Number of protein chains: 2
Amino acid sequence: MELCPPNRSPGCPVEGALDAIGGKWKGVVLFHLLDGKKRFNELRRMMPGVTQRMLTRQLRELEADGLVHREVYAEVPPRVEYSLTAKGETLRDIILALKAWGETHVPYFALSKPRLPEAETA
Amino acid sequence: MELCPPNRSPGCPVEGALDAIGGKWKGVVLFHLLDGKKRFNELRRMMPGVTQRMLTRQLRELEADGLVHREVYAEVPPRVEYSLTAKGETLRDIILALKAWGETHVPYFALSKPRLPEAETA
DNA sequence: TGCATTAGTATACAAAATGTCACTATATGC
DNA sequence: GCATATAGTGACATTTTGTATACTAATGCA
């Protein structure tokens with residue numbers, strides 16, 4: 001295991017991929033960014049339960065992994081827009097597959113999903 | 001968030017799916033089980049770095065989620081075989097997609113992969 | 001007799017991830 | 001003047017995850 005990078009050291013590609021998207025909120029953030037750029041508070045409102053601090057952290061990690069782009073506008077009040085990078089885009093199919101799997105196999109969702117117009121599901 | 005099951009309460013299907021496969025070793029365990037049943041120590045040898053305790057825990061959680069089947073043989077020395085359930089099998093494509101993504105996008109793997117015969121990669 | 005093997009469990013502890021709460025700056029609307 | 005909104009940060013508490021070590025019981029092998 002000594003050939004691995006100092007901080008993160010996955011032992012196999014599956015683990016490596018899960019490291020990148022496996023944070024508590026990362027999958028959800030990526031999912032929301034699939035349909036275009038979002039502002040910080042916009043994301044926050046989309047995920048009730050996430051705290052400001054956690055959202056910031058997850059976004060920073062996604063940025064560090066090159067999956068998300070952060071664009072700061074020097075305005076007041078501040079405006080920051082998050083979007084997927086090209087690398088982030090390569091996760092699209094996986095995220096959508098995870099969503100589909102969750103909908104049919106996670107008990108909580110497998111039950112009560114009377115076909116909503118996609119916006120409410122996450 | 002009060003409509004969720006007591007212990008696990010993902011806010012969206014993506015999160016729910018990641019809960020199921022997102023443990024430190026779950027993805028890897030599932031990956032190894034893709035090609036058939038494995039004994040406890042067999043899995044352990046396949047993942048250097050995992051401790052007995054962690055492997056036990058991850059397997060128990062996978063079992064609780066209905067993804068893995070645990071078959072105990074009343075022998076001495078004990079023999080326990082782990083295999084994917086039908087539900088676990090439904091993750092095959094996702095696991096393989098994660099592996100492929102990791103191989104091309106996780107820096108550590110993206111570098112030095114001179115096409116190994118699949119057995120060594122994880 | 002003593003040691004190895006199997007699939008764990010118990011205990012204690014360390015570290016990492018996640019969470020809460022209060023705080024910031026500046027401009028706009030009332 | 002005061003509240004509101006934005007996108008955060010800092011100190012701290014808690015929860016989850018991981019580690020190390022020792023222990024189990026029945027059998028095979030030397």
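Since this is a predicted model, take the numbers as computed values, not measurements. In the text below, chain A, chain B and the rest are named by the order of the sequence lines, each starting its count at 1.
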In whole angstrom, give the distance that lies between atom [atom1] of [X] and atom [atom2] of [N].
| X | N | atom1 | atom2 | value |
| --- | --- | --- | --- | --- |
| L43(A) | dA7(D) | CG | P | 10 Å |
| K37(A) | dA7(D) | NZ | P | 14 Å |
| E75(A) | dG8(D) | CD | P | 13 Å |
| E63(B) | dA7(C) | CD | C1' | 13 Å |
| E42(B) | dT5(C) | CD | P | 16 Å |
| Y73(B) | dG8(C) | OH | C1' | 17 Å |
| D19(B) | dT17(D) | CG | C1' | 14 Å |
| L55(A) | dT6(D) | CG | C1' | 13 Å |

Which heavy-atom pair separates [X] from [Y] by the least distance, and what is that distance?
| X | Y | result |
| --- | --- | --- |
| P13(A) | E103(B) | CG-CG, 3.5 Å |
| K87(A) | H105(B) | NZ-O, 3.2 Å |
| K26(A) | D19(A) | NZ-O, 3.8 Å |

Just to confirm, is there a sub-4.0 Å distance from OP1 or OP2 of [N] to any side-chain nitrogen or oxygen of [X]?
| X | N | result |
| --- | --- | --- |
| R39(A) | dT6(D) | no |
| R70(A) | dG8(D) | yes |
| R45(A) | dT6(D) | yes |

Could you tell me whether [X] contacts a base, only the sugar-phosphate backbone, or nothing, with contacts defined as non-hydrogen atoms closer than 4.0 Å?
| X | value |
| --- | --- |
| Y82(A) | sugar-phosphate |
| R44(A) | nothing |
| R60(B) | sugar-phosphate |

task = Any chance you could encode DNA chain D as dot-bracket? Rule is Watson-Crick or G-U wobble with both distances under 3.5 Å; [ ] for pairs crossing earlier ones, | for another strand.
result = |||||.||||||||||||||||||.|||||
task = Summarise protein proximity over nucleotides 12-30 of chain C in one line of letters, 5' to 3': B for base, S for sugar-phosphate only, - for none, counting protein heavy atoms closer than 4.0 Å.
result = ------BBB-----BS---
Roughly how far apart are [X] [atom1] and [Y] [atom2], rounded to 0.5 Å?
| X | Y | atom1 | atom2 | value |
| --- | --- | --- | --- | --- |
| L91(B) | L34(B) | CG | CG | 9.0 Å |
| L59(A) | H69(A) | CG | NE2 | 12.5 Å |
| T56(B) | F40(B) | OG1 | CZ | 3.5 Å |

ask   = Looking at K37(B) and E81(B), does any basic side-chain N land under 4.0 Å from a carboxylate oxygen?
value = yes
key: Side-chain donor/acceptor of R70(B) to backbone N/O of V80(B), under 3.5 Å   =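 Checked: no pair found.
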request  = Quick one: list whatever passes side chain to side chain contact (heavy atoms under 4.5 Å, CB included) with K38(B), sequence neighbours left out.
outcome  = L33(B), D35(B), E42(B), L43(B), M46(B)
